[in-house]
Amino acid sequence: MRVAEAIKLDVQTDRELRILAKRGRIEARLRQRAQIILLAAQGRQNKEIAVEVGLDRRQVALWRTRFLNGGIDALRRDAPRPGRTPTITGEVESRIVHATLHTKPAAATHWSTRTLAEQLGFSATTIRRVWRRNGLKPHLARTFKLSRDPRFEDKLVDVVGLYLNPPEHALVLSCDEKSQIQALNRTQPGLPMKRGRAGTYTHDYKRHGTTTLFAALNTLDGSVISMCQPRHRHGEWLKFLQLIDRKTPKRLSLHLIVDNYGTHTHADVQAWLAKHPRFVMHFTPTGASWLNMVERFFRDLSDKRIKRDSFTSVAELELAIDLYIAASHNKPFIWTAQARDILAKVTRAKKALAATSQ
């Protein structure tokens, strides 16, 4: 019979092992391993230790060897195991990924787990696992548009500069119109939200007219100057500029961020701006309304106040808009994207589009 290698413990190691062997909250298997080493240090053989701790002799020999090689730390962790043999080979995964990215079903725009599984002869679960591992989501799609404005970079740098480094002794106002806001009256009352069930509203409605909201968002404090008008021609835009002029301190210059809508560049508007030099206009690039921060405010207004409600008249709709703006806590939106990062993203998108068109 092979004699096990002797174990000698120093005072510190012996103390730590005794603590592990007796501590009530420690894992049972770690207490058992500590007991094996303490008994081995007393000169006991593996067979005797196995009987006392309730293990097989080979397990006792294993933990003695691990302690001799790695000390107490070796007792705290199990040896790595090979695990189950993967059922999805690299070749299979590569085939699924390639089919997902470069092919389409005959009568659809994108694959589902079931249609691709049927096409390739795998299970839907296999397809789902490969997609999850590679971050593929064919059922999701996002919209985008690249501006073709020849002065895109100049306008981008100008507007982002106003957000990140606003000029001194001036207000930066993000301005736009939200046109054709409908006063919709639902045909039936909605059901309230209950535990386990979302609130509801009917899909059909009666129209009671529309209004246009003119809004100027102060990028410094989030306050909004607003006005509702039945139409959005250059005359209404002039009235809104006059409202801004009245509601802002005269000592401050005003930098207005606007889009390229025709009313903003009308001859009458240009003449009025020439008489009011404290107004400085900054235009977003064509097809880049996302650069105008007031669009974020319009989205909140629609989601939080208009979309789910019911209005029997335009006056009721306009009152709801005014109350929402009055009740807002003037929390500003914080712009963080640098112009160079946006330009780099646009450049990558153009390269990707060029590659797909070849």
Can you establish whether the number of heavy atoms outside [X] located under 6.0 Å from its atom [atom1] is more than 12?
X: His203; atom1: NE2; answer: no
X: Glu16; atom1: CD; answer: yes
X: Arg114; atom1: CZ; answer: no
X: Glu168; atom1: CD; answer: no
X: Arg197; atom1: CZ; answer: yes
X: Glu295; atom1: CD; answer: yes
X: Lys307; atom1: NZ; answer: no
X: Gln42; atom1: CD; answer: yes

Within one Ile-Leu-Val-Met-Phe-Trp-Tyr cluster: [X] and [Y], side-chain cutoff 4.5 Å:
X: Val346; Y: Phe144; value: yes
X: Leu217; Y: Val159; value: yes
X: Leu254; Y: Val294; value: no
X: Met227; Y: Ile306; value: no
X: Leu301; Y: Ile225; value: no

Is the shortest side-chain N to carboxylate O distance from [X] to [Y] below 4.0 Å?
X: Asp14; Y: Arg18; result: yes
X: Arg129; Y: Glu93; result: no
X: Arg58; Y: Asp56; result: yes
X: Arg186; Y: Asp309; result: no

Taking every non-hydrogen atom, the tightest pair across [X] and [Y]:
X: Trp63; Y: Ile37; result: O-CD1, 3.7 Å
X: Thr284; Y: Ala288; result: CB-O, 4.0 Å
X: Arg95; Y: Phe122; result: NH1-CZ, 3.9 Å
X: Ala41; Y: Leu9; result: CB-CD1, 3.5 Å
X: Arg207; Y: Gln182; result: NE-OE1, 2.8 Å
X: Thr263; Y: Val269; result: O-CG2, 3.3 Å

Measuring only between side-chain heavy atoms, which start at C-beta, is [X] closer than 4.5 Å to [Y]?
X: Ser310; Y: Tyr205; value: no
X: Ile72; Y: Thr13; value: yes
X: Val160; Y: Gln338; value: no
X: Phe283; Y: Asp259; value: no
X: Ile127; Y: Val130; value: no
X: Val258; Y: Met281; value: yes
X: Leu353; Y: Leu146; value: yes
X: Ile96; Y: Thr126; value: yes

Donor-acceptor contact present, side-chain [X] to main-chain [Y], <3.5 Å:
X: Thr212; Y: Ser179; answer: no
X: His266; Y: Asp268; answer: yes
X: Thr200; Y: Leu191; answer: yes
X: Arg278; Y: Asp245; answer: yes
X: Ser302; Y: Arg299; answer: no
X: Tyr324; Y: Leu319; answer: no

| request: Please assess Glu236 against Lys239 for the test salt bridge (Lys or Arg N to Asp or Glu O under 4.0 Å), listing each intermediate value before the final yes or no. | output: CA-CA 5 Å; Glu236 285 78 16; Lys239 291 180 182 178; 5.4 Å; no
For [X] and [Y], does a side-chain donor sit closer than 3.5 Å to a side-chain acceptor?
X: His282; Y: His255; answer: yes
X: Thr103; Y: Trp111; answer: yes
X: Thr100; Y: Trp131; answer: yes
X: Gln32; Y: Arg29; answer: no
X: Glu177; Y: His264; answer: yes
X: Ser223; Y: Asp221; answer: yes
X: Thr187; Y: Asp204; answer: yes
X: Ser123; Y: Arg128; answer: no
X: Ser289; Y: Asn292; answer: no

| message | If we check side-chain contact (heavy atoms from CB on, under 4.5 Å) with Glu318, which of these qualifies: Leu323, Leu213, Thr211? | response | Thr211
How long is the gap from [atom1] on [X] to [atom2] on [Y], to the nearest 0.5 Å?
X: Gln242; Y: Lys247; atom1: CD; atom2: NZ; answer: 14.0 Å
X: Cys228; Y: Asp322; atom1: SG; atom2: CG; answer: 5.5 Å
X: Ile49; Y: Gln59; atom1: CD1; atom2: CD; answer: 13.0 Å
X: Phe214; Y: Leu243; atom1: CZ; atom2: CG; answer: 11.0 Å
X: Ile7; Y: Phe67; atom1: CD1; atom2: CZ; answer: 6.0 Å
X: His208; Y: Asn185; atom1: NE2; atom2: CG; answer: 4.0 Å

| Do Ile321 and Ile181 pass the side-chain contact (heavy atoms from CB on, under 4.5 Å) test, and can you show the C-alpha distance, the side-chain angles, and the key distance before you say yes or no? | CA-CA 10 Å; Ile321 293 173; Ile181 307 175; 4.2 Å; yes
| query | Yes or no on side-chain contact (heavy atoms from CB on, under 4.5 Å) for Ile257 and Leu162, after CA distance, side-chain angles and deciding distance? | reply | CA-CA 9 Å; Ile257 301 170; Leu162 289 175; 3.8 Å; yes
| said: Quick one, Trp237 with Tyr261, criterion ring-ring contact (aromatic ring centres under 6.0 Å, His included). Give me CA distance, side-chain angles, the key distance, then yes/no. | reply: CA-CA 11 Å; Trp237 174 246; Tyr261 190 50; 9.2 Å; no
| task | For salt bridge (Lys or Arg N to Asp or Glu O under 4.0 Å), just list the numbers for Asp300 and Arg296, CA-CA rounded to whole Å, side-chain angles, deciding distance to a tenth of an Å, and then say yes or no. | result | CA-CA 6 Å; Asp300 281 356; Arg296 183 67 174 80; 2.5 Å; yes
